[in-house]
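Structure, as structure tokens:
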Amino acid sequence: MGFTLEELRKFRAEKKAEFRNLPGRTHYILTCGGTACQSNKGEELFNALNDEAKKQGLADKVQIVRTGCFGFCEKGPIVKVLPENNFYVEVKPEDAAEIIDVNVKQGKELTRLEFKRPDGTPEPKAAKGGGHAELPPIGFYQKQVRVVLRNCGVINPEDINEYIANDGYLGLEKVLFEWSQEKIIEEMKASGMRGRGGAGFPTWLKWDFARKAPGDVKYVICNADEGDPGAYMDRSTVEGDPHSVIEGMITAGKAIGSHQGFVYIRAEYPLAVHRLEIALKQAQENGFLGKDILGSGFDFDIEIRLGAGAFVCGEETALIQSIEGNRGMPTPKPPFPANKGLWQKPTIINNVETLANIPVITAKGGAWLAAMGTEKSKGTKVFALTGKVQNSGLVEVPMGTTLREIIFEIGGGIKNGRKFKGVQTGGPSGGILTEQFLDTPIDFDSLTANGSMMGSGGMIVMDEDDCVVDVARFYMDFCVDESCGKCSPCRIGTTQILKLLEKITNGNGEESDIEKLDRIGKAMAKASLCALGQTAANPTVSTIKNFKDEYLEHIKDKKCRAGKCKKLLSYAIDLEACIGCSLCAKKCPGECITQLPDVPAGKKKAPFVIDASKCLKCGECFNCCKFKAVVRV
Amino acid sequence: MACQCATTADDAKFPPDLVSFIDDWKVKPGCLIMILHKTQETFGFISRASAEQISAMTGISLARIYGVITFYHFFKTAKPGKYKTSVCLGTACYLKGGGDLIEEARSILGIAPDEVTPDGLFSIDEVRCVGCCGLAPVMVVANETYGKLTKDKLSGIFDTYREKG
Ligand SMILES: Cc1cc2nc3c(=O)[nH]c(=O)nc-3n(C[C@H](O)[C@H](O)[C@H](O)COP(=O)(O)O)c2cc1C
Ligand code: SF4
Ligand code: SF4
Ligand code: SF4
Ligand code: FES
């Protein structure tokens, strides 16, 4: 049977006192159970730690917990040991014995596994005896504020008790027993919360529309489709802290008068689906879902619906079509889902990250969140920082943090000493921002003003080896695949733009193409039915604006400075550097590399040359030569 | 080759858990996609015969079922290799050489898109982000994720699966 309110309060107090403070246990080992670390032998590591603890007779002294993502995916798998707050990176299953022996048995630090600066010097450590959620004060974490990710890397997402112990379902008590629908919405308004799914629509307003919409049957949908290729914030949130999403949905349900929720989640995220299933079951068993929640009289339940790999289904009306079992094609707005949504009933659709913020807002009050951020964007934003940055990972920063802080302080700058070129935000709907925007505080409005978008939170860093024309082509290729084909501006426009971009990257571009691209982009923005088509040209248009010289270089000089557009390259062998090993000639699929007849003085073998007229420009020779004798010209 | 469409009836012997899944779900509105997921989970793909059987069991027309299958990239109508391989071509992986990886993987296995190796072991798909961008470039073989991959590691990975047979 589920909890009553009284029981829940008592239970929470008990669990809180016990949390990472169990009688008889001296140590707690937290290992990352996110997909990235799991796939990096995280599973074996977890098992090895358990086996070793048993073997060394310490199984009852140490609790080993699989948590959600610590964010520092670049250096995963991560292991944290409490109470010392030791933070180990790139831990392998083979390290388990030593961790148990040195850290648990002897109570010493295993310095070998600690995170070190690139020059090998040690990084500062988290304060001893700091809270169990404390993270080391290394550059990666210094400017981060973990609100959405508050429980990721802290609790076991498969155990509802650990969520409860960390103030889980605390806000829900107010929502169910103290607050009216109006009061919930008022608190949302005070928080300044705007939707994290991309558009930044005020959450309170959406909820208020649905609340006011007439009807007894209403729905709450959590959008966990996360289609932006190169982003995984929502996945990590669901994997690391599924109950916060559930609590957010129950709150939304109460606010608008809905009794049924759906989570629409990508089938490509099996671990997230699995964790969500466990969480839903535990929430049902403990009386947080179902009839008469905690004895409040309010009913609400949640079902999972799987997506099936269509980006457009992240769009609200297409998502609704998909849950209804149809092809996921958007429908015109109005009517808006808040009035006529799923099965024609009033429906709100919120993003995972939006919903994961809700329990904090209800527990701490809207003003708490509103104290963080910029004038019009409050709270934090989670970004999936990837690409050519030192520290790839999941980062959460207050709105208004600058790109420079994120990329160079948190991200540790560009990999391999290369030069920063730009950063892509907003995925297929966004743009690439250049160096000159590095010091702009970022929020919904500043990104839009500068020709990009917040999007869902993908942040992909590019260096001088990346070609912006090629990246624009990449996104357009994606949009051609993902356009649902319902309306012609998008269906035809995306194909036309892709053709033009391919023409340019293949070396056949003409100067007039740039203007054509711009014109098609504008037409699509105006005439497309849904936001996919309306924004699909953004990566193209923004790169034309910010990197026009590179487009012109491709078109006029037939040159790609990044060396990405293979058709624009030619290869040659530096006769001085070539030692005549013949490797490239063997690998060349075009049989266009031959040896010169004469062995030059001072060399053992004659060098090779490329017959440029036969070359297929595959780059194989360039990649295989160990003596850097093949050069791109 | 002779027409294959009538010879796949055996594929569609639905195991009891699939049958009961369909029976549970078919009364719910919007059930089709969930049923297709379960079917693909069972067989690895959705054959013509499976689609027909779903149609018979649910009363949803075959035309509608195919309309849905063809709309969603996740649903496959041809049998994939035993070790279904996906190379990520999401943005992070693309920038770090995912495109070269997939070319190399296909050339090692000697298969084109939508083909399966003659021994039935491998097929290669491109996917858009598997959510491990921090480990880019990424490849998934039979639900096992390989991160920070380089071309020279590919042969070895395929070999380990080939040895398993
Ligand atoms: C093509 C397209 C794809 C989208 N993909 C997603 C997505 O994957 N996740 C998401 O939360 N929102 C996505 N959105 C935005 C949603 O339509 C919707 O605005 C959002 O889920 C609303 O939630 P929010 O108010 O909490 O942000 C997408 C929009 C478009 C046009
Ligand atoms: S804009 Fe594109 S994705 Fe949207 S409805 Fe039109 S064709 Fe479909
Ligand atoms: S691989 Fe390099 S060194 Fe060897 S023959 Fe070719 S160019 Fe010369
Ligand atoms: S680029 Fe390819 S085809 Fe051209 S010379 Fe090198 S290996 Fe041969
Ligand atoms: S882009 Fe490849 S895992 Fe995200």
Side-chain angles (χ1 to χ4, degrees), chain A residues 34-36 38-40 72-74 76 226-232 235-236 266-270 272 303-311 313 322-329 342-343 384-388 392-394 424 427-428 458 460 462 465-466 471 474-475 478 481-482 484 619 623, chain B residues 25 28-38 40-41 58 60 64-76 86 88-100 103-104 107 125-136 138-140 143-148 150-152:
Chain A
T35 294
Q38 282 296 351
S39 67
N40 215 346
F72 204 12
C73 312
E74 177 84 32
E226 194 155 63
D228 173 359
Y232 60 104
R235 161 183 213 153
S236 297
R266 292 183 75 187
E268 292 90 333
Y269 284 180
E303 263 185 37
I304 295 177
R305 292 301 172 98
L306 296 178
F311 173 62
C313 288
S322 185
I323 294 187
E324 291 180 358
N326 303 323
R327 293 163 70 96
M329 296 214 188
L342 189 60
W343 293 300
L385 182 64
T386 62
K388 305 295 177 61
S392 284
L394 209 59
Q424 213 281 346
I460 294 151
M462 297 173 192
D465 295 334
D466 296 312
V471 169
F474 166 82
Y475 279 114
F478 177 83
D481 270 0
E482 299 298 336
C484 81
N623 290 333
Chain B
W25 273 87
K28 296 194 194 184
C31 60
L32 178 58
I33 292 176
M34 295 304 281
I35 291 175
L36 292 173
H37 271 295
K38 187 76 184 176
Q40 176 152 314
E41 192 189 306
T58 58
I60 301 172
R64 230 197 101 209
I65 294 178
Y66 269 95
V68 168
I69 293 177
T70 51
F71 183 84
Y72 294 97
H73 303 302
F74 193 81
F75 297 129
K76 305 282 172 221
S86 314
C88 181
L89 288 184
T91 319
C93 291
Y94 178 77
L95 289 183
K96 290 194 175 171
D100 292 339
E103 261 180 42
E104 180 78 5
S107 106
D125 276 331
E126 45 186 81
V127 290
R128 306 281 193 178
C129 194
V130 293
C132 301
C133 321
L135 300 179
V138 172
M139 174 171 89
V140 184
N143 288 329
E144 187 83 16
T145 311
Y146 297 87
K148 296 191 182 173
T150 47
K151 285 200 279 184
D152 52 323

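Keep in mind that what you see is a predicted model, and the values were worked out from it rather than measured. Residue numbers start from 1 in every chain, and the chains themselves are labelled A, B, ... in the order their sequence lines are given, proteins ahead of strands.
Both the backbone and the side chain of A:Leu306 come within contact range of chain B, each with at least one heavy atom under 4.5 Å from a heavy atom of that chain.
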Derivation and outcome, side-chain contact (heavy atoms from CB on, under 4.5 Å), residues B:Leu95 and A:Val471: CA-CA 8 Å; B:Leu95 289 183; A:Val471 169; 3.8 Å; yes

query: Hey, mind stepping through B:Ile33 and A:Arg305 against side-chain contact (heavy atoms from CB on, under 4.5 Å) and telling me if it holds?
result: CA-CA 8 Å; B:Ile33 292 176; A:Arg305 292 301 172 98; over 6 Å; no

query: Which is it for A:Ser392 and B:Lys96 under the side-chain contact (heavy atoms from CB on, under 4.5 Å) test, yes or no, and what are the steps along the way?
result: CA-CA 12 Å; A:Ser392 284; B:Lys96 290 194 175 171; 4.2 Å; yes

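No side-chain donor-acceptor contact under 3.5 Å links B:Arg128 to the backbone of A:Phe311.
Side-chain contact between A:Tyr475 and B:Thr91: present, with at least one pair of heavy atoms (C-beta onward) separated by less than 4.5 Å.
Ranked by heavy-atom pairs under 4.5 Å with chain B, the list A:Cys73, A:Cys313, A:Ala308, A:Gly309 is led by A:Ala308. With chain B as partner, the option from A:Gly307, A:Gly76, A:Pro428, A:Ala272 having the largest number of non-hydrogen pairs under 4.5 angstrom is A:Gly307. Annotation: maximal heavy-atom pairing with chain A below 4.5 Å, among B:Ser86, B:Gly99, B:Pro29, occurs at B:Pro29.
Contact detail for B:Met34 and A:Ile304: the closest heavy-atom pair is CE-O, 3.7 Å. Smallest separation of non-hydrogen atoms from A:Thr35 and B:Cys132: CG2-SG, 3.5 Å.
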Return all side-chain donor-acceptor pairs below 3.5 angstrom for residues 64-73 of chain B, not counting sequence neighbours, or 'none' if the list is empty.
from, atom 1, to, atom 2, distance (Å)
B:Arg64, NH2, A:Gly325, O, 2.7
B:Arg64, NH2, A:Asn326, OD1, 3.2
B:Thr70, OG1, B:Tyr66, O, 2.7
B:Thr70, OG1, B:Gly67, O, 3.2
B:Tyr72, OH, A:Ser322, OG, 3.0
B:Tyr72, OH, A:Asn326, O, 2.7
B:Tyr72, OH, A:Gly328, N, 3.2
B:His73, NE2, A:Glu482, OE1, 3.3
B:His73, NE2, A:Glu482, OE2, 3.2

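Residue B:Asn143 qualifies as open at atom CG: its count of foreign heavy atoms under 6.0 Å is 12 or below.
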